[in-house]
Enquirer: 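The structure's right below; bear with me while I get my questions together.
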There are 4 protein chains.
Amino acid sequence: MSRDRILQIFDAAAEVFAETGFDRARIDDIAQRAGVAKGTIYYHFRGKDELFSALMTEFIRRLQEECDRHGTPTDDPVEDLKRRVEAMARFLLANRRFAVMLLSEAWGSERRQHAFRSQIRTIVRAIEEVLQRGLQVGAFKAWDAGVAAAGIFGSITVTALYTALIDRAPDDDTVARQIAEQVIGGVLPVR
Amino acid sequence: MSRDRILQIFDAAAEVFAETGFDRARIDDIAQRAGVAKGTIYYHFRGKDELFSALMTEFIRRLQEECDRHGTPTDDPVEDLKRRVEAMARFLLANRRFAVMLLSEAWGSERRQHAFRSQIRTIVRAIEEVLQRGLQVGAFKAWDAGVAAAGIFGSITVTALYTALIDRAPDDDTVARQIAEQVIGGVLPVR
Amino acid sequence: MSRDRILQIFDAAAEVFAETGFDRARIDDIAQRAGVAKGTIYYHFRGKDELFSALMTEFIRRLQEECDRHGTPTDDPVEDLKRRVEAMARFLLANRRFAVMLLSEAWGSERRQHAFRSQIRTIVRAIEEVLQRGLQVGAFKAWDAGVAAAGIFGSITVTALYTALIDRAPDDDTVARQIAEQVIGGVLPVR
Amino acid sequence: MSRDRILQIFDAAAEVFAETGFDRARIDDIAQRAGVAKGTIYYHFRGKDELFSALMTEFIRRLQEECDRHGTPTDDPVEDLKRRVEAMARFLLANRRFAVMLLSEAWGSERRQHAFRSQIRTIVRAIEEVLQRGLQVGAFKAWDAGVAAAGIFGSITVTALYTALIDRAPDDDTVARQIAEQVIGGVLPVR
DNA sequence: CATGAATGAGTGTTCATTCAT
DNA sequence: GATGAATGAACACTCATTCAT
């Protein structure tokens with residue numbers, strides 16, 4: 001079925017985009033790694049941009065899903081946030097290539113980057129909402145939730161990437177837990 | 001003197017690299033904005049890579065300088081860290097274009113990106129050192145300082161960029177202060 | 001019956017070839033407009049060239065038919081010519097899209113263009129013959145009939161296309177009649 | 001000087017465009033025949049379209065010039081027209097490759113074709129004006145001058161091309177004279 | 001020191017054609 | 001008979017880099 005071909009292409013594209021970034025990624029490479037002809041990619045996707053967007057959308061969806069699954073609203077916003085952050089950290093540590101895209105391909109002025117950014121915003125807003133919920137019950141410090149959420153998002157993504165560069169970095173599980181705790185500490189009210 | 005020419009080129013390069021990222025930046029554009037001929041750039045720099053590196057080095061130097069100036073070691077590591085983080089935040093909020101580079105051009109495998117990354121590491125290590133110092137006097141939670149420093153660096157850079165996208169974001173000063181406090185909260189030991 | 005399919009394809013091909021010319025015409029477009037799959041076209045025609053040729057042959061046939069019907073040899077070659085020219089003009093004014101092909105796709109060196117040209121020659125020769133007949137009875141000026149026939153053919157085709165560009169051009173009937181008279185005037189002997 | 005390069009490119013482009021038509025013309029070919037690198041063409045022209053347009057503009061200019069030089073208004077519109085038509089015929093017979101473009105590349109809906117068409121209109125209008133002038137002194141038949149001018153233009157261009165296909169066609173001079181006379185005959189009032 | 005014309009390798013995209021179903 | 005997914009050759013265009021002046 002054509003679903004197979006698309007998945008082959010997706011996998012190859014994920015590799016290549018992550019290794020070289022959008023601009024240096026060559027459709028030829030993606031095709032070769034996917035084991036299809038170049039034309040096949042253009043048969044299924046309008047172009048490089050659309051391929052990239054489709055891929056990122058898929059990743060964002062999975063990330064979102066993962067976070068939602070672990071961070072379902074309960075009575076304890078602090079615990080919710082911690083779980084959500086930890087889930088996000090785990091996902092990005094396991095998909096560092098995607099984390100690279102998240103930081104590298106989001107800030108420009110191309111249409112594709114705009115689109116990507118608004119997807120990222122959805123993720124950050126999900127964090128923000130947990131913060132808002134907690135704020136109302138006094139669980140979190142009363143400051144700008146948008147700014148705080150951005151900081152949390154940055155902590156997670158950058159740490160996920162940076163730890164790959166650290167000699168003797170803790171294992172991913174430990175890192176995920178540390179990030180979560182650190183992030184939580186940052187938003188708890190001073191006792 | 002040729003110092004002028006070089007500064008013209010630097011300014012133009014800063015603009016263009018930041019607006020479009022390294023790959024899409026065109027030497028033609030930089031030359032035009034600098035008001036020099038294309039050949040002139042190649043007279044002063046070996047190529048695009050070297051121009052980029054020289055520029056980033058300069059920015060990193062200024063950022064470092066700014067942080068060091070405000071975060072000079074005192075008896076109080078918490079205060080040191082807070083000041084250093086706030087200084088960094090202020091600098092990046094004022095130079096968002098550079099913040100973009102910091103996040104976008106650091107993660108690939110090109111020589112230039114390696115070089116850039118090791119410069120960034122210097123910055124993160126400076127944060128790490130303050131953390132270590134604080135750790136020894138029990139001022140900070142006893143966890144992996146490298147991971148914590150990475151998180152702090154991510155908080156600052158991403159927030160600096162993300163606030164540009166938030167409707168009704170607080171002014172840069174407020175943001176800088178909030179980041180600093182939030183970051184500090186994240187590393188303080190539970191009381 | 002498959003005759004239907006072929007006609008659908010013919011109609012669509014006529015539209016698309018005329019709108020964009022042979023080279024820019026896309027088989028995809030033709031298939032879509034014909035409401036058939038791309039493969040179906042290749043089932044019925046060897047390829048783009050053959051489809052084009054078949055289509056042009058059909059048009060030429062209809063044009064020829066139209067001219068022959070109105071320009072049947074009588075005792076009066078002048079009247080014959082006038083009627084034939086007028087019929088041709090009417091046909092081309094009514095099928096301007098085909099007139100475009102007649103002028104655009106005839107002059108190159110591709111096999112298809114050679115073939116098309118020899119079909120066009122048949123049309124011009126028909127004019128030439130009427131001229132020859134008239135010449136023998138002194139009805140027309142005694143000059144090169146081939147050259148004259150070419151000029152007549154050019155008058156008709158170009159006028160058919162050009163009038164679409166003229167503001168406030170007369171209606172097609174008037175144009176056809178004027179072309180015929182003008183053309184006749186051009187070949188009558190000086191009295 | 002760079003004027004040389006441009007002329008080299010122009011010459012090569014004229015050849016290639018005429019031989020194959022706009023769509024099939026390959027920039028690589030033009031570059032090779034011009035003895036320059038492909039990039040050089042793009043250094044001097046924005047793209048294939050602009051190269052084509054520049055080239056056609058140049059030809060149109062020369063054609064116009066030629067016609068104006070021979071068809072300068074005098075007291076005798078009939079003679080003026082005859083001379084103008086003959087000059088045009090001579091030019092197109094000598095530059096049949098350009099005549100091909102005139103008929104082939106003028107009728108589509110691309111921007112380039114629109115532009116080309118409006119240049120062609122200028123030529124036809126020049127004929128029209130002579131006709132109008134003659135009309136006012138009763139030298140020509142009183143019918144639509146636009147239509148008549150189009151017919152004249154078609155006569156000339158098509159004949160120029162068609163004679164190349166005729167066995168034993170008269171020499172170009174004779175053809176030019178015959179066209180002119182025939183065309184004039186077409187517009188003279190019936191005596 | 002500075003210039004800008006010239007270069008050509010590199011790459012995204014198109015589209016006629018094929019063929020297994 | 002008919003389909004449409006897959007193909008890959010072909011091509012326009014870009015842009016970092018060079019070098020003669």
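Side-chain atoms are counted along with the backbone in the values below, which use heavy atoms only and exclude waters and symmetry mates.
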Enquirer: Would you mind reading off the distance between D:F17 atom CZ and F:dC11 atom C1', rounded to a whole angstrom?
Expert: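 Going from CZ in D:F17 over to C1' in F:dC11 covers 13 Å.
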Enquirer: Tell me which nucleotide, if any, is Watson-Crick or G-U wobble paired with E:dA16 when both distances must be under 3.5 Å.
Expert: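 Checking every strand shown, E:dA16 finds its partner in F:dT7, with both distances under 3.5 Å.
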Enquirer: Base, sugar-phosphate, or nothing for A:A25, non-hydrogen atoms under 4.0 angstrom?
Expert: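 Since only primed, P, OP1 and OP2 atoms lie under 4.0 Å of A:A25, the category is sugar-phosphate.
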Enquirer: Mind calculating the distance between CG (C:D28) and C1' (F:dT3) to the nearest angstrom?
Expert: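 So the CG-C1' distance, C:D28 to F:dT3, works out to 13 Å.
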Enquirer: Which residue, A:G35 or C:T40, contacts DNA chain F at a nucleotide closer to its 5' end, judged by nearest heavy atom?
Expert: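 Closer to the 5' end of DNA chain F: C:T40.
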Enquirer: If you go through the side-chain atoms of B:K38, does one of them form a donor-acceptor pair with the base of F:dT17 closer than 3.5 Å?
Expert: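 Present.
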Enquirer: With both distances under 3.5 Å as the test, what is the Watson-Crick or G-U wobble partner of F:dT21?
Expert: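 Because both required distances fall under 3.5 Å, F:dT21 counts as paired with E:dA2.
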Enquirer: Taking OH from C:Y42 and P from E:dA20, how many angstroms apart are they, rounded to a whole number?
Expert: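 Rounded to the whole Å, the gap is 18 Å.
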Enquirer: State, without any angle test, whether D:R117 and D:H114 hold a side-chain donor-acceptor pair at a distance under 3.5 Å.
Expert: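 Per modelled atom types, D:R117 and D:H114 side chains form a pair under 3.5 Å.
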Enquirer: Which is more 5' along DNA chain E, the nucleotide nearest B:I41 or the one nearest A:D49? Just name the residue.
Expert: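 Per heavy-atom nearest nucleotide, the more 5' residue is B:I41.
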Enquirer: Take C:E65 and C:R62 through the salt bridge (Lys or Arg N to Asp or Glu O under 4.0 Å) test and state the conclusion after the steps.
Expert: CA-CA 5 Å; C:E65 196 178 278; C:R62 285 169 50 196; over 6 Å; no
Enquirer: Separation of B:Y43 atom OH from E:dG4 atom C1', in whole Å?
Expert: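 Between C1' of E:dG4 and OH of B:Y43: 16 Å.
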Enquirer: Expressed in angstrom and rounded to an integer, what is the separation of D:D23 atom CG from F:dA10 atom P?
Expert: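 In whole Å, F:dA10 P and D:D23 CG are 17 Å from each other.
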Enquirer: Side chains of C:R26 and C:V16: does their closest heavy-atom pair fall under 4.5 Å?
Expert: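 They are not in side-chain contact.
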Enquirer: With a non-hydrogen cut-off below 4.0 angstrom, is C:G39 in contact with a base, only sugar-phosphate, or nothing?
Expert: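 Base, at least one base heavy atom under 4.0 Å.
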Enquirer: Considering only heavy atoms and no angle criterion, is a donor-acceptor pair shorter than 3.5 Å present between the side chain of C:K48 and the base of E:dT17?
Expert: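 Not at all, since no donor on one side and acceptor on the other fall under 3.5 Å apart.
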Enquirer: Below the 4.0 Å mark, does E:dA6 have OP1 or OP2 next to a side-chain nitrogen or oxygen of D:R5?
Expert: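 True: D:R5 side-chain N/O within range (under 4.0 Å) of E:dA6 OP1/OP2.
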Enquirer: Keeping the roles fixed (side chain from C:Q113, backbone from C:S109), state whether a donor-acceptor pair exists under 3.5 Å.
Expert: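 It does hold such a pair.
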Enquirer: Which one of D:F59, D:F98, D:F22 satisfies the ring pair (Phe, Tyr, Trp, His ring centres under 6.0 Å) criterion with D:F17?
Expert: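 The option that passes is D:F22.
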Enquirer: Nearest nucleotide by nearest heavy atom, which residue falls closer to the 5' end of DNA chain F, D:R26 or B:F22?
Expert: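 Whichever sits nearer the 5' end wins; that is D:R26.
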Enquirer: Without decimals, in angstroms, what is the distance between D:I27 CD1 and E:dT11 P?
Expert: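 For the pair D:I27 CD1 and E:dT11 P, the rounded distance is 21 Å.
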Enquirer: Round to the nearest Å and state the distance from B:R24 atom CZ to F:dA16 atom C1'.
Expert: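 Interatomic distance, CZ of B:R24 to C1' of F:dA16: 15 Å.
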Enquirer: In whole angstrom, give the distance that lies between atom CZ of A:F45 and atom P of E:dG12.
Expert: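 Distance check: A:F45 CZ to E:dG12 P gives 15 Å.
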